[in-house]
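Single-structure report; data block below.
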Amino acid sequence: MLRPVSAGLHLFRGQLKCSVPISASRLSTTAALCDNKDGQSKVYELRTYHIKPALFWEFMEIVEEKIHLRMELSKLVGLWRVDMGGMNQVVSLWEYDDFAHRTEVGKARSAHTGWMSTMNKLLPTIEHQDNVIILPMPWSQLKYPDKPGGWYELRSYRMTPGSHLQEPFRKAIQTRAAFKYADLLGVWGSEFGELNRAYMLWHHQDLDQRMLGRARAAQDPAIIAASRESSPSLLHQWSKILIPTAFSPMN
């Protein structure tokens with residue numbers, strides 16, 4: 001860690017209570033800032049790199065060789081290449097203690113000559129890039145797969161304002177997770193970037209089993225009822241199948 005969290009921020013976070021209720025009649029943005037374990041939320045940054053097709057593997061080779069320099073500065077949750085749902089894309093997920101920590105890491109990154117030299121090599125391979133800052137939902141904690149290998153699925157739902165913080169959405173996601181056709185690793189809400197968007201990371205051992213599991217889930221009365229309750233708030237969704245890199249911590 002590059003710096004201690006300030007006492008003032010600890011005091012502020014200590015005043016946030018994770019027991020703040022979330023219901024269909026009351027939004028709770030405070031609850032989205034809480035972590036179920038210790039009352040403090042991590043901040044996550046989801047980055048997507050769109051790589052020039054002819055230079056995709058050059059990008060991957062440089063990253064594989066030099067990513068350890070970047071990982072010295074903050075925690076990498078995972079780094080994947082998109083297999084389905086996008087072409088020539090790389091997705092990374094970074095964890096920070098808070099926004100001040102992310103700022104400190106940014107300064108250290110800019111001062112790191114080794115990483116800046118690496119970025120100079122990477123930039124010609126990139127068409128464009130984007131990021132979104134996401135906060136864990138109050139009822140979700142990041143977990144890692146029980147078994148290595150398999151496939152990852154990044155899903156995103158754009159909702160009517162604030163509805164991803166309400167009870168119907170939580171119920172719909174947790175009912176599906178309880179069906180066990182896939183392993184739910186985390187659920188986040190967007191804080192900066194496109195707002196009112198939820199992100200979910202799932203892990204599948206086998207994509208054909210995923211299809212069979214979803215078909216069975218579509219017949220489950222509890223999932224049907226929860227989906228009907230939450231679906232009026234859903235505006236748009238997308239899904240990407242991800243393959244972890246060999247150096248990805250989440251592999």
Side-chain angles (χ1 to χ4, degrees), residues 42-68 70-71 74-96 122 125-137 140-158 164 173 176-177 179-191 193-194 197-215 217 236-251:
K42 299 293 187 180
V43 172
Y44 294 86
E45 181 174 8
L46 183 66
R47 287 180 168 244
T48 303
Y49 297 88
H50 302 258
I51 312 303
K52 296 175 182 177
L55 300 176
F56 182 84
W57 292 110
E58 179 179 340
F59 174 93
M60 294 301 297
E61 288 172 4
I62 296 172
V63 171
E64 182 172 5
E65 180 183 357
K66 298 295 186 179
I67 190 64
H68 67 279
R70 176 61 184 84
M71 292 170 67
S74 65
K75 181 179 177 180
L76 175 65
V77 175
L79 195 149
W80 305 264
R81 59 183 177 90
V82 177
D83 186 58
M84 289 179 270
M87 298 292 289
N88 303 302
Q89 295 179 17
V90 174
V91 174
S92 62
L93 182 63
W94 298 88
E95 180 184 286
Y96 301 96
L122 288 174
T125 70
I126 300 172
E127 285 190 344
H128 72 275
Q129 57 186 312
D130 53 67
N131 73 336
V132 59
I133 300 298
I134 53 179
L135 302 180
M137 301 301 292
S140 173
Q141 285 185 300
L142 177 68
K143 62 171 288 188
Y144 284 73
D146 296 328
K147 298 179 181 179
W151 305 77
Y152 291 80
E153 181 177 7
L154 180 64
R155 295 179 69 89
S156 182
Y157 298 151
R158 181 161 60 88
H164 63 295
I173 300 305
R176 282 190 172 274
F179 200 73
K180 298 293 186 182
Y181 69 84
D183 193 11
L184 181 61
L185 305 180
V187 186
W188 299 265
S190 59
E191 182 71 12
E194 185 179 8
R197 187 172 279 281
Y199 293 85
M200 284 147 282
L201 186 63
W202 298 81
H203 182 250
H204 307 280
Q205 284 296 327
D206 182 278
L207 292 184
D208 290 317
Q209 290 300 314
R210 170 192 178 275
M211 297 301 295
L212 292 174
R214 285 180 60 83
H236 176 265
Q237 59 184 319
W238 54 254
S239 173
K240 296 180 180 182
I241 295 297
L242 312 176
I243 298 177
T245 60
F247 51 86
S248 173
M250 190 174 278
N251 205 325

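- For the pair V63/Y49, no side-chain contact is recorded, criterion being any heavy-atom separation below 4.5 Å from C-beta on.
- Atom CG of residue L142 and atom CG of residue L185 lie 7.5 Å apart, to the nearest 0.5 angstrom.
- No donor-acceptor pair closer than 3.5 Å links the side chain of S156 to the backbone N or O of Q237.
- When Q205, K147, H204, K143 are each tested for a side-chain hydrogen bond (donor to acceptor under 3.5 Å, both in side chains) with D183, only one passes: K143.
- Between the side chains of E64 and T245, not a single donor N or O lies within less than 3.5 Å of an accepting N or O.
- Counted within 6.0 Å of CE on M71, heavy atoms from surrounding residues, nucleotides or ligands total more than 12; the atom is thus considered enclosed.
- Across all non-hydrogen atoms, the minimal contact from H203 to P145 is ND1-CB, 3.6 Å.
- Atom CD of Q89 is separated from atom CG of D130 by 8.5 Å, given to the nearest 0.5 angstrom.
- Contact check for W238 versus L154: side-chain heavy atoms found under the 4.5 Å cut-off.
- A cation-pi geometry, defined here as NZ or CZ lying under 6.0 Å from the six-membered ring centre and within 45° of its normal, holds between R70 and W94.
- In the displayed structure, M84 atom CE is contacted under 6.0 Å by more than 12 heavy atoms of other residues, nucleotides or ligands.
- Applying the salt bridge (Lys or Arg N to Asp or Glu O under 4.0 Å) rule to E194 yields the partners R158, R197; only residues at least two apart in sequence or on another chain are considered.
- In this structure, M211 CE and D206 CG are separated by 11.5 Å, a value rounded to the nearest 0.5 Å.
- G193 and V132 get closest at one heavy-atom pair: CA-CG2, 4.2 Å.
- Residue A217 comes nearest to R176 through the heavy atom pair CB-NH1, 4.1 Å, listed as atom of the first residue, atom of the second, then distance.
- Within the 4.5 Å cutoff, no side-chain heavy atoms of S140 are placed close to those of W188.
- M200 places a side-chain heavy atom less than 4.5 Å from the side chain of Y157.
- For the pair V90/F56, a side-chain contact is recorded, criterion being any heavy-atom separation below 4.5 Å from C-beta on.
- Looking at heavy atoms from C-beta onward, K75 lies out of side-chain contact with K42 at the 4.5 angstrom threshold.
- A donor-acceptor pair is defined here as one N or O able to donate and one able to accept, closer than 3.5 Å; such a pair exists between the side chain of Y152 and the backbone of N251.
- At a threshold of 4.5 Å between non-hydrogen side-chain atoms, the residues I51 and I126 count as touching.
- Atom-to-atom distance recorded for E45:CD and Y96:OH is 4.5 Å, nearest 0.5 angstrom.
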